[in-house]
Amino acid sequence: MSFNIYLFAFKDNKLDFRVREEIILQLKNNENISFSENGYFEYSSKDHGKAEFSLENSAMVSSIDVTIRSLSHALVEYLFELLKCCNLSLFDNQGTNNVEHPTLFALSEDCFSHLPYDFTSNRCVIKNSDDLYHYLAISFDEWSKYRDQVIGKKSLNDDVRFLFDIITAAVSLQLRESLWNQVNKKIAKNTVEDIFHDVFSSMDNKKEWLWLQVDVRDYEEVQWQAVAIAKTIGLLDECPDFTKEQENQVSDSKTLNALLNFDLWLSKFKKSFILLDSADTYFGFVVLDDEVEHTLKLLQNIGINGQVIRQFILKKEIVDKENINLELPSELNEKSLSNDLVILKISPNNKNIKIRLAQYRKTVLAAGKIPLICISASWCEPCQEMLIALGHEDAKSVMKQVVLIVLDIDDWGIYLYDINVAPTCVPVFFDIAKNGSAGQLSVDGAAWGDDSLPSEIVDVLKNTFKLK
């Protein structure tokens, strides 16, 4: 794991440029530092402190970039000495998200008087190396937790780089390295989808275009972006028919159908369109068929749901609905259905969701209750609070009429289009049509707002779905 800080020199509210050789001399005078072949000054102390110091490749420099690999007291003592002898300030922009935690450190208030006027970060005067160690240890620990929870203990950089190389295989090496430098700077703080969108959308779409991103309702946007991608990857002879309707197609979405036609057209050239899962936006890119399995594995490692769109949209065989016999979950047996409120959380499997919901609906109605779909998310606190509220005593008289079928938006993703659902927020409720699709009635959490009482939530559901 790495953690970055910066040592800056300021004077008269501007960057103070120093002679590079003078700073290099300071680094070379420390017995724990050696100069590496890659141009870094590598620090390694007996108490296991490890860091890399790098300077701009210019005769005059104003900062030292420090990548901390392992924090130790000896390392922090040396950082403190550098601040003193070179009259520098320390900027920690990668640690804790606590807004009260200082991110800018100096040895005196006078140092802060020389900062540029747009430097508004929280400030702290440090009197000794123990103070500095205390603050950096907090930041280092917070950053470790962030990396473990969000990025994972394995190297995210490697997987992102492999994925990046697959996506950018059609462009020149020079452009690829320029784009990667932009991506690499953003990895620590942004999601991969956001990074790729920011970087790839900065390209000139008249010359190169690699990354498709459109609103789920923006059919026309698909056409020009798909054509731009096709030209970039060298497919200039013809363009796909974006309007062709495919036999046995699951979704009725015009935009999704255009993407499907693009993917089927790509298959003639042994290429595939990878669709990334998002609630109200389609992301995607083109890969060689031989790279599909590896690409999907990389996406899984990074925490992104991706699929070859034609494999998802087209049914490989026509399902005979009359012959399907689904095993009902325990929540829908006679004993469970007699409870005041039944909440059924179902996860994806190889069964068609529409068929499952149609059978669940039939069973629930036969028991004298009303089936409702609730699109929720495990990360959504209002969703979890709402589900608790629905089990409250004040909600019992209404909710005892209901069986709530909960679908997690992250689990189901684009499979929700099978039931004609494209939610742009959570939680959201639907009734269920006879064929298992979402019905005509729906309502989302905005109808009752934050901090609502259980009785207020059920009143909205009661009026929307004609409950008693």
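These values consider heavy atoms only, across backbone and side chains, with no hydrogens, waters or symmetry-generated copies. Fair warning: this is a prediction, and the values are worked out from it, not measured in the lab.
Looking at residues two or more places apart in sequence or on another chain, you find no ring pair (Phe, Tyr, Trp, His ring centres under 6.0 Å) involving Phe430. In terms of the ring pair (Phe, Tyr, Trp, His ring centres under 6.0 Å) criterion, residue partners of Tyr133 (sequence neighbours excluded) are, by chain and number, His73. Take Ala367 and apply the side chain to side chain contact (heavy atoms under 4.5 Å, CB included) test, not counting sequence neighbours, and it matches Leu337. Every salt bridge (Lys or Arg N to Asp or Glu O under 4.0 Å) that Lys396 has, sequence neighbours left out, goes to Asp340, Glu393.
For the pair Asn261 (side chain) and Phe242 (backbone), a donor-acceptor distance under 3.5 Å is present. A donor-acceptor pair under 3.5 Å is absent between the side-chain atoms of Asn435 and the main chain of Ala358, judged by distance alone. Asn181 contributes a side-chain N or O that, together with a main-chain N or O of Glu177, makes up a donor-acceptor pair within less than 3.5 Å.
Put simply, the side chain of Phe465 does not reach to within 4.5 Å of the side chain of Gln401, judged on heavy atoms. Inter-residue side-chain proximity for Leu104 and Phe112 is flagged as met; some heavy-atom pair is nearer than 4.5 Å. A heavy-atom distance below 4.5 Å is not found between the side chains of Pro454 and Met399.
Listed by first then second residue, pairs satisfying side-chain hydrogen bond (donor to acceptor under 3.5 Å, both in side chains) with a partner in residues 374-392 read Trp379-Asp410, not counting sequence neighbours. Listed by first then second residue, pairs satisfying salt bridge (Lys or Arg N to Asp or Glu O under 4.0 Å) with a partner in residues 284-306 read Asp289-Arg310, not counting sequence neighbours.
Note on ring orientation: taking the six-membered ring where Trp is involved, the planes of Phe196 and Phe200 are tilted (angle from 30° to 60°). Between Phe285 and Trp211, the ring-plane angle classifies as parallel under the 30° and 60° cut-offs.
Checked options Leu266, Val227, Ile229; the residue passing with Leu235 is Leu266 (criterion: side-chain contact (heavy atoms from CB on, under 4.5 Å)).
Counting heavy atoms of neighbouring residues, nucleotides and ligands inside a 6.0 Å radius, atom NZ of Lys268 exceeds 12 of them. Other residues, nucleotides and ligands place more than 12 heavy atoms under 6.0 Å from the NE2 atom of His294.
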